[in-house]
**Q** 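Got a structure here, written out as structure tokens. Questions coming.
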Amino acid sequence: MGWTVILRNTALGVLLWALASLPTGAEGIRIAVISDLNGSYGSTEYSRHVHKAVETIVALSPDIVLSTGDMVAGQRRPALSDQEVRAMWRAFHEAVTEPLARAGIPLAATPGNHDGSGYSGFEAERRIYEDEWKARRPELDFTAAETYPFFYAFDIGAARIVSIDATRVGRIDADQMLALETVFDGAGPARIVFSHMPLWPFTVERETEIIGDPALERLLERNGVDLYLSGHHHAYYPGQIEAFSVVSQAELGGGPKRLIGAEKTGPKSITLLDIKPNGQIRVSTLRGPDFLIPVDVRMLPEQL
């Protein structure tokens, strides 16, 4: 199945109520996607944008929230202490995980370079990442969970969703490539992958910070993947790579980036996916600071 970007003309005053007409509940599922919520190194405070985005998500009551990484601000040299890293995670859970949990909304995360880095020197932060999410493993229909919370898969509605552990620039490891060969066996009509690093570049100054592996793209294509979600580039952009679609997420924390070909940075935003039982995926995006008005995709570059 393909997916459709829904153009929202903000001049017509299309607000939150318009999104309520999209398919949910018995007619399908709704997924909210957030990314790059962290502030400065070691920060235990979250911006008003993060709190407002969580408030909006709770009001929308999606079936699940996906995070494409960088939930806390680690990967500093010299490395932060275990106590500092744990303090950041307590702050994150207080600001994000716990409000969602109280609303009955599960959160499924994939690691980023600032919270679960695979680079040498950050092994302690990566172990803490594993501890934090194993203690808060969501109640989902897992189809692959041996390496949770890094590479894993689960089914929800008509979708199979797969987390790829991609916190470093360059190709993912051979074990994940092997797992991807069969992870979609028996999957439903909607097939979604999410990771921190994108396949290809979206923003200026991060052109080389990608996975950039044609072999991975071919593998995803063979498995009938519909949509690849990523973070790290701090800008929203829905695009197409050959046989499947991609969506780069805007950041909710600091450091907005300029899309390649754009004159200025875009707004902070959250992405919504509405998936029908037949596998059709509808994408819309709510822009900050209030996360009530959809992003008008006609204002984005036609191509990157």
Side-chain angles (χ1 to χ4, degrees), residues 1-5 31 33 35-36 66-70 108 110-113 116 118 143-144 147 150-155 158-250 257 259-261 271 273 275 279-281 283 297 300-304:
M1 294 289 176
W3 60 278
T4 304
V5 174
I31 299 171
V33 189
S35 192
D36 298 275
L66 304 181
S67 169
T68 55
D70 279 2
T110 197
N113 57 295
T143 59
T147 52
F150 300 106
F151 180 95
Y152 62 95
F154 62 91
D155 288 341
R160 177 160 297 174
I161 300 176
V162 177
S163 162
I164 291 181
D165 179 12
T167 67
R168 298 180 293 182
V169 171
R171 296 179 177 180
I172 63 173
D173 60 87
D175 287 344
Q176 291 191 90
M177 290 290 285
L178 182 62
L180 281 168
E181 291 282 358
T182 58
V183 75
F184 286 104
D185 288 355
R191 301 179 177 202
I192 298 172
V193 174
F194 71 121
S195 73
H196 186 60
M197 289 288 173
L199 296 168
W200 291 103
F202 291 92
T203 58
V204 175
E205 299 179 350
R206 296 206 165 171
E207 291 91 341
T208 62
E209 297 181 25
I210 59 173
I211 296 174
D213 183 5
L216 174 57
E217 287 186 45
R218 291 193 295 270
L219 177 54
L220 297 175
E221 182 178 346
R222 288 199 304 273
N223 277 286
V225 168
D226 299 294
L227 178 61
Y228 196 110
L229 306 165
S230 62
H232 191 66
H233 279 215
H234 292 206
Y236 171 69
Y237 193 82
Q240 184 80 23
I241 295 179
E242 297 298 332
F244 59 91
S245 300
V246 294
V247 177
S248 172
Q249 317 309 312
K257 299 295 181 182
L259 287 168
I260 296 168
T271 301
L273 311 176
I275 305 175
Q280 181 184 7
I281 304 171
V283 178
V297 298
L300 302 177
E302 290 186 8
Q303 62 182 20
L304 300 184

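Every heavy atom of this structure was used, including side-chain atoms; hydrogens, water molecules and symmetry mates were not.
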**Q** Using a strict threshold of under 4.0 Å (side-chain N to carboxylate O), is an ion pair present between Asp155 and Arg160?
**A** yes
**Q** Does any part of the side chain of Ile161, heavy atoms only, come nearer than 4.5 Å to the side chain of Ile31, both counted from C-beta?
**A** yes
**Q** Which heavy atom of Tyr237 sits nearest a heavy atom of Pro301, and at what distance?
**A**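 Shortest heavy-atom contact: OH-O, 2.8 Å.
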**Q** Of Asn223, Thr110, Val225, Leu180, which is the lone residue that meets side-chain contact (heavy atoms from CB on, under 4.5 Å) with Val162?
**A** Leu180
**Q** Between Asn113 and Asp70, is there a side-chain heavy-atom distance shorter than 4.5 Å?
**A**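 A side-chain contact under 4.5 Å exists here.
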**Q** Of the non-hydrogen atoms in Pro201 and Leu304, which two are nearest, and what is the gap between them?
**A**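 Smallest interatomic distance, heavy atoms only, reads O-CD1, 4.2 Å.
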**Q** Donor-acceptor pair, His196 side chain versus Thr167 backbone, under 3.5 Å?
**A**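 No; zero donor-acceptor contacts below 3.5 Å.
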**Q** Partners of Glu221 by salt bridge (charged side-chain N to carboxylate O under 4.0 Å, His left out), sequence neighbours excluded?
**A**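 Salt bridge (charged side-chain N to carboxylate O under 4.0 Å, His left out) list for Glu221, sorted by chain: empty.
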**Q** Can you see which heavy atom on Pro189 is nearest to which on Asp226, and at what distance?
**A**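 Nearest heavy atoms, Pro189 then Asp226: O-OD2, 3.3 Å.
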**Q** CZ of Phe194 to CG of Leu227: how many Å apart, nearest 0.5 Å?
**A**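 Answer rounded to 0.5 Å: 11.5 Å.
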**Q** Answer whether the closest heavy-atom distance between the side chains of Ile192 and Ile281 falls below 4.5 Å.
**A** yes
**Q** Going from CD on Gln249 to OG1 on Thr271, what distance comes out if it is rounded to the nearest 0.5 angstrom?
**A** 4.0 Å
**Q** Kindly indicate whether the side chain of Gln280, heavy atoms from C-beta on, has any atom under 4.5 Å from the side chain of Ile275.
**A** no
**Q** For side chain to side chain contact (heavy atoms under 4.5 Å, CB included), just list the numbers for Leu216 and Arg171, CA-CA rounded to whole Å, side-chain angles, deciding distance to a tenth of an Å, and then say yes or no.
**A** CA-CA 8 Å; Leu216 174 57; Arg171 296 179 177 180; over 6 Å; no
**Q** Between CZ of Arg222 and CD of Glu217, what distance do you get to the nearest 0.5 Å?
**A** 12.0 Å
**Q** Given side chain to side chain contact (heavy atoms under 4.5 Å, CB included), test Gln240 with Val246 step by step and report yes or no.
**A** CA-CA 6 Å; Gln240 184 80 23; Val246 294; over 6 Å; no
**Q** Kindly indicate whether the side chain of Ile211, heavy atoms from C-beta on, has any atom under 4.5 Å from the side chain of Tyr228.
**A** yes
**Q** Holding to side-chain contact (heavy atoms from CB on, under 4.5 Å), I want the full list of residues that pass it with Ala144, two or more places apart in sequence or in another chain.
**A**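 Ala144 satisfies side-chain contact (heavy atoms from CB on, under 4.5 Å) with Glu146, Ala153, Val183 once adjacent residues are dropped.
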**Q** With rounding to the nearest 0.5 angstrom, report the OG to CG distance, Ser248 to Leu199.
**A**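 Going from OG on Ser248 over to CG on Leu199, the span is 11.0 Å.
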**Q** Write down the atom of Thr68, the atom of Ser195, and the distance for their closest heavy-atom approach.
**A** CB-O, 3.6 Å
**Q** Out of curiosity, Glu209 CD to Lys257 NZ, how far, rounded to the nearest 0.5 Å?
**A** 8.0 Å
**Q** Which heavy atom of His233 sits nearest a heavy atom of Pro198, and at what distance?
**A**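 Closest heavy-atom pair between His233 and Pro198: NE2-CG, 3.5 Å.
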**Q** So, do Phe150 and Tyr152 sit near enough that their side-chain heavy atoms are less than 4.5 Å apart?
**A**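 Result no, sub-4.5 Å side-chain heavy-atom pair not found.
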**Q** Do the rings of His234 and His232 sit parallel, tilted or perpendicular, given the 30° and 60° boundaries?
**A** perpendicular
**Q** Report yes if the side chains of Leu273 and Leu229 come closer than 4.5 Å at any heavy-atom pair, otherwise no.
**A** yes
**Q** Determine, stepwise, if the pair Phe244 / Val193 fulfils side chain to side chain contact (heavy atoms under 4.5 Å, CB included).
**A** CA-CA 11 Å; Phe244 59 91; Val193 174; over 6 Å; no
**Q** Which residue in the set Val247, Leu259, Ile210 passes side-chain contact (heavy atoms from CB on, under 4.5 Å) when paired with Phe202?
**A**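 Of the listed residues Val247, Leu259, Ile210, the side-chain contact (heavy atoms from CB on, under 4.5 Å) partner of Phe202 is Leu259.
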**Q** Could you tell me the separation between the CZ atom of Phe151 and the CG atom of Asp173, rounded to the nearest 0.5 Å?
**A**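 Here the rounded value is 9.5 Å.
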**Q** State, yes or no, whether a side-chain contact exists between Ile241 and Trp200 at a heavy-atom distance under 4.5 Å.
**A**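 SC-SC contact between Ile241 and Trp200 confirmed.
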